[in-house]
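One structure is given here, and the rest of the page talks about it.
The model shown is predicted, which means the values in this text are computed figures rather than measured ones. Values reported hereafter were calculated over all heavy atoms of this structure, with side chains retained and with hydrogens, waters and symmetry mates removed.
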Amino acid sequence: MKYEYSKYDPKQGSMDEARALLTKAAQNAMKNGDLPEKELPDFIVEVPGDVKNGDLASNIAMLGARVFGMPPRKIAEAIVKNAPSLKDSCFDRLEIAGPGFINIFMTANWFGGVLLFVDAEGADYGKTDFGAGKKVNVEFVSANPTGPMHLGNARGGALGDCLAESLKWAGFDATREFYINDAGNQIAKFGKSLSARYMQLFDESYAFPEDGYQGADIATLAKEFADINGEKYVTETDEARQQAIIDYALPKNIDALKADLAKYRINYDVWFKESELHKGAVADVLKILADRGATYEKDGAIWYKSMDYSVKYGANQNTRKGLDGEVTEENKDEVLVRANGIPTYFAADIAYHYNKFAVRGFDTAIDVWGADHHGHVARMKGAMDAVGLDGEKLDIVLMQFVRLMQDGKPVKMSKRTGKAITLSTLLDEVPIDSARFQFNMREPGSTMDFDLDVAVAEDTNNPVYYVQYAHARICSILKALAAEGIDCTKDAADSHFWLLTEDAEKELLRHIAGFPSEIISAAKSYDPARITRYTTELATLFHKFYNACRVKEADADLRDARIALCKGTKTTLCNALSILNVSAPEKM
RNA sequence: GCGCCGGUAGCUCAGUCGGAUAGAGUGUUUGGCUACGAACCAAAAGGUCGGGGGUUCGAAUCCCUUCCGGCGCACCA
């Protein structure tokens with residue numbers, strides 16, 4: 001028997017049925033003269049926050065106040081009075097409450113039905129075909145390979161990885177991708193910094209570039225290079241020496257990125273090298289832009305007509321006070337190819353996204369960027385239009401910054417001097433489960449405080465343990481029951497779900513039933529933090545149920561129904577945690 | 001100056017297709033294991049939803065205005 005998820009999901013299927021019920025009732029009321037003949041307002045059906053207010057609720061009577069010219073409660077009475085028979089439906093009863101809400105109660109049996117569905121789906125419970133297999137590229141972290149990753153990458157990693165997984169569960173064909181910036185200025189700077197550190201090993205007075213990378217990792221790599229090659233490169237040209245040391249250090253850094261991310265349980269489908277684009281793809285895209293009239297030459301450089309394309313994506317208005325105090329239009333066009341003939345990062349980025357859409361055929365590309373790149377959003381989308389693609393298909397998730405907190409105070413760190421906590425160090429101190437959970441507790445747009453004391457704490461203060469504890473507790477209960485000879489392996493279909501009538505039981509059932517639509521919400525809004533909050537809420541509802549209802553001492557039928565509820569909770573909890581790639585331990 | 005993101009309990013944050021008494025964690029106070037795991041639960045206290053206007057049956061949510069904080073406005077990436 002194949003169950004249709006939406007049938008058991010109060011946020012999906014039953015809503016339409018409730019709408020139809022109320023519409024029919026209102027039409028009957030008009031026919032019978034209890035309501036004037038008017039057009040029905042565009043009312044909503046929603047899941048109220050409190051089970052006391054029903055399983056579903058509608059504002060139809062309140063919205064009708066103006067249309068019908070009657071007080072909301074009178075309208076509600078007329079509608080309820082004229083409702084069709086609820087016999088054999090999934091609805092139990094209708095109630096009028098508050099200013100005129102119509103609260104709809106589902107039958108206990110309907111609610112328990114979700115457990116049949118969870119049981120049948122098992123590890124797949126929560127998956128839907130909402131995304132219809134559309135190809136989505138999720139690019140995240142994409143840290144510069146010039147040094148180790150930092151706290152922001154830790155957040156971006158947890159966010160992007162769980163976003164991709166949410167999309168998969170919601171029926172999208174999601175690809176995880178890392179863009180390796182292995183070309184351009186920062187690599188040149190990388191080479192100069194390495195080269196200088198190398199030379200300093202032989203001549204302490206050798207000048208270090210003013211804007212070079214200060215981190216200790218640079219000096220370490222230079223030392224390794226010197227241990228292998230000795231003085232061999234001291235007498236070489238700067239260019240040859242820099243290239244040689246880049247060829248040595250860059251692959252090492254990229255391998256380190258891969259290793260750190262794998263340790264963080266992030267495994268990419270694609271590692272895309274920027275350098276590959278410079279073998280023709282950038283030139284191709286520049287030609288397309290030129291052919292489409294999107295570029296011009298000035299001061300020896302090739303410029304992109306930014307404003308022609310990015311206005312619709314909310315680009316800046318470009319007004320700025322001139323020196324004489326007057327407001328003047330300022331040219332904010334972008335350089336694609338510098339006067340020295342080298343393409344800018346922007347040009348490569350256009351080629352990169354062109355590749356995602358036109359070459360690899362993704363329906364949607366999602367980039368997870370730090371908030372400091374937001375100025376790039378509108379022109380990047382505009383550039384997609386400019387090359388003849390559709391900028392609407394490129395979505396940017398802007399992620400706000402992370403502040404590291406310790407002892408209740410922010411920890412100072414400086415990227416310039418290289419004094420920052422690296423991802424690698426963080427993962428040495430903080431359990432992976434804890435880090436992944438913690439970094440997914442906030443929606444991307446909020447700045448986040450990452451509290452090191454909490455993350456390290458293996459106690460009740462750490463939210464991840466609260467959730468894991470619920471799972472371990474269920475496992476323990478089932479084990480204890482089995483030890484007493486009670487059969488916990490029975491099919492959910494044998495259980496008497498209508499006995500689950502306590503508020504704590506109903507709230508737990510309702511939350512379990514809402515899991516598939518919660519994943520869809522997370523996927524639609526690009527906000528995997530919803531899953532994290534979902535697991536916390538599920539754990540809370542289970543703990544409340546546990547304290548309110550006994551399993552072992554209940555009568556056999558009720559006991560079996562509660563066992564089914566425990567198992568359904570366990571499955572849902574496991575599935576939700578697997579989206580976050582956080583473990584669900586059987587004991588702790 | 002222009003633009004993006006934020007401002008909700010002492011602290012960290014949920015809550016925007018406009019709804020019922022604005023929620024949770026943490027902190028404070030107080031209860032609950034002879035018990036299926038107390039890493040849990042229950043209760044109390046704590047709010048001019050930054051301020052001011054507007055829209056309507058109804059605004060944390062929508063519109064206008066203003067204040068505060070973070071960030072961005074390169075032939076950097």
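Here A:Asn462 lies out of heavy-atom contact (under 4.0 Å) with every strand. Backbone-only contact: A:Asp372 has heavy atoms under 4.0 Å from sugar-phosphate atoms and none from a base. The residue A:Ala57 sits close to a base: some heavy atom pair falls under 4.0 Å. Base engagement by A:His374 is indicated by at least one non-hydrogen atom pair under 4.0 Å involving a base atom.
In this model, a donor atom of one side chain and an acceptor atom of the other lie less than 3.5 Å apart for A:His278 and A:Glu274.
Protein atom OH of A:Tyr534 is 17 Å distant from nucleotide atom P of B:rG15, rounded to whole Å. One interatomic measurement links the two molecules: CG of A:Asn53 to P of B:rU21, which rounds to 9 Å at whole-angstrom precision. Distance CZ (A:Phe401) to C1' (B:rC4): 12 Å, rounded to an integer number of Å. The interatomic distance linking A:Phe450 (CZ) with B:rC13 (P) rounds to 14 Å, in whole Å.
Note on ring orientation: taking the six-membered ring where Trp is involved, the planes of A:Tyr352 and A:Phe272 are tilted (angle from 30° to 60°).
Put simply, A:Thr447 has no side-chain N or O that comes within less than 4.0 Å of OP1 or OP2 on B:rG7. Contact between the side-chain N/O atoms of A:Asn59 and the OP1/OP2 oxygens of B:rG19 is not found at any separation under 4.0 Å. Within the structure, a side-chain polar atom (N or O) of A:Asn185 is placed less than 4.0 Å from OP1 or OP2 of B:rA77. Between A:Arg533 and B:rG25 there is no side-chain N or O to OP1 or OP2 distance below 4.0 Å. Under 4.0 angstrom from either OP1 or OP2 of B:rC40 there lies no side-chain N or O belonging to A:Lys544.
Counting only heavy atoms from C-beta on, A:Glu443 has its side chain closest to B:rG15 among B:rG15, B:rC40, B:rC75.
We find that the ring of A:Phe101 and the base of B:rA20 stack, their centres lying under 5.5 angstrom apart and their planes tilted less than 30°.
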Show your reasoning for whether salt bridge (Lys or Arg N to Asp or Glu O under 4.0 Å) applies to A:Lys356 and A:Glu139.
-> CA-CA 10 Å; A:Lys356 287 183 185 176; A:Glu139 183 217 321; 3.0 Å; yes
Go along nucleotides 32-37 of chain B 5' to 3' and tag each nucleotide: B for a protein heavy atom under 4.0 Å from its base, S when only backbone or sugar atoms are that close, - otherwise.
-> B---BB
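When every heavy atom of A:Gly147 is checked against every heavy atom of A:Leu257, the shortest pair comes out as O-CD2, 4.2 Å. Closest of all the heavy-atom pairs between A:Trp303 and A:Asp333 is CZ3-O, 3.4 Å.
Each of A:Val141, A:Asn440, A:Val402 was scored for a side chain to side chain contact (heavy atoms under 4.5 Å, CB included) with A:Arg155, with one residue passing: A:Val402.
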